[in-house]
Amino acid sequence: MSAGARTGFYFDERTFWHGGGNYASLLPVGGFVEPLVAGGLPEGPEAKRRLKSLLDVSGLMGQLAPTGADPATGEELRRVHDPEYLRRFKALSDEGGGEIGLRAPFGPGGYEIAALSAGLAVAAVRDVLSGGLANAYALCRPPGHHCLPDWPNGFCLLANIAIAVEAALAEGRAGRVAVLDWDVHHGNGTEAIFHDRAEVLTVSIHQERNYPLDTGAFDDRGEGAGLGANLNIPLPPGAGHVAWMAAMERLALPAIESFAPDLIVVASGYDAALVDPLGRMVLSAASFRAMTEATMAVADRVSRGRLVLVHEGGYSEVYAPFCGHAAIAALAGAEGLEDPFGAAVEARQPAADVDRFLLQRIDAMAAAL
Ligand code: ZN
């Protein structure tokens with residue numbers, strides 16, 4: 001990192017305007033499913049808008065280099081996505097919105113907002129690789145890690161991280177990239193896009209059989225030229241700080257370090273935190289700070305500190321902002337905030353014998369690599 005270089009922060013107010021679909025939580029409204037007064041999918045703007053607000057009111061934003069970005073270009077999108085999918089998405093967006101895949105609705109202009117979200121990740125990666133920043137955070141919305149080349153799902157309409165990684169590879173800014181996904185859900189889209197590729201390592205720590213149900217198994221190590229360049233670390237519901245840090249330190253980070261990437265990109269979801277409605281894990285803001293710092297240490301050793309965090313899930317409108325703030329404070333080397341849920345999370349950590357069971361399971365995975 002160059003002297004005095006800052007942490008870039010990429011965001012755009014318009015990403016908070018993405019919406020669409022008549023859902024009550026994960027269920028389409030209809031029959032006996034009553035519309036919610038403040039309705040919609042769990043992936044609403046509040047958790048992300050409130051993270052940006054918390055950065056402002058805490059003063060941390062003043063220590064970052066905040067900026068916007070251009071939307072991802074058609075060429076950048078087509079490196080990942082099927083042109084026919086992009087055409088259908090744009091046409092339906094122009095007609096007022098709708099839905100193509102599963103739980104990934106969009107309103108009018110949804111295509112442009114999704115391209116902007118991807119563009120934030122592209123710009124963050126490009127600027128970190130060009131050396132002007134210490135590291136960066138992209139507050140992307142809609143998220144991206146579930147999206148397949150031709151099928152949006154799980155709130156994800158474009159594969160933000162994959163688009164950014166492909167741009168970096170195509171522009172010759174990086175030759176090898178590692179993507180670490182600590183969202184509580186499996187990063188199935190990123191995995192699928194790079195499944196047969198040797199130059200991109202994909203690692204996902206997630207709650208097993210949460211979403212999607214049929215992907216994310218430990219024994220899926222990639223295919224063809226990509227065999228060995230995919231690592232899934234499924235953890236059972238209820239895992240806490242000890243197990244997640246062991247998954248990082250005994251599995252995820254050693255795999256990344258031995259892969260020796262030019263860049264590490266983190267799919268940073270906060271839905272493994274306590275009180276998240278779509279996860280059943282027991283992490284705190286301090287856990288996200290610790291995971292970020294551990295990843296920064298590896299980045300310092302293998303990728304000259306080049307690290308970009310891209311926002312994915314995190315559906316507690318109250319807690320996800322504190323978790324995101326902790327990760328960003330770590331990136332910037334800044335003081336964190338007092339965690340209003342800290343004592344509650346601490347009191348709900350698994351019992352020692354549960355942690356022992358989880359550590360045995362993690363060690364068994366490490367032994368099987
Ligand atoms: Zn998630």
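All ligand and atom numbering here is 1-based and tracks the order in the structure.
Without hydrogens or angle criteria, R173 side chain to L169 main chain gives no donor-acceptor distance under 3.5 Å.
Aromatic pair F106/F89: ring centres closer than 6.0 Å.
When distances to the Zn ion (ligand 1) are checked against a cut-off of 2.8 Å, E312 contributes no N, O or S atom below that limit. At a cut-off of 2.8 Å, H185 is counted among the residues with an N, O or S atom near the Zn ion (ligand 1).
The Zn ion (ligand 1) is the vertex of the angle joining OD2 of D183 and OD2 of D271, which measures 80° to the nearest 10°.
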Apply side chain to side chain donor-acceptor pair (under 3.5 Å) to residues H325 and S58 and explain how you reach the verdict.
CA-CA 9 Å; H325 188 285; S58 67; 2.8 Å; yes
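The side-chain tip of R141 does not point at the ring of F16 from less than 6.0 angstrom away and within 45° of straight on.
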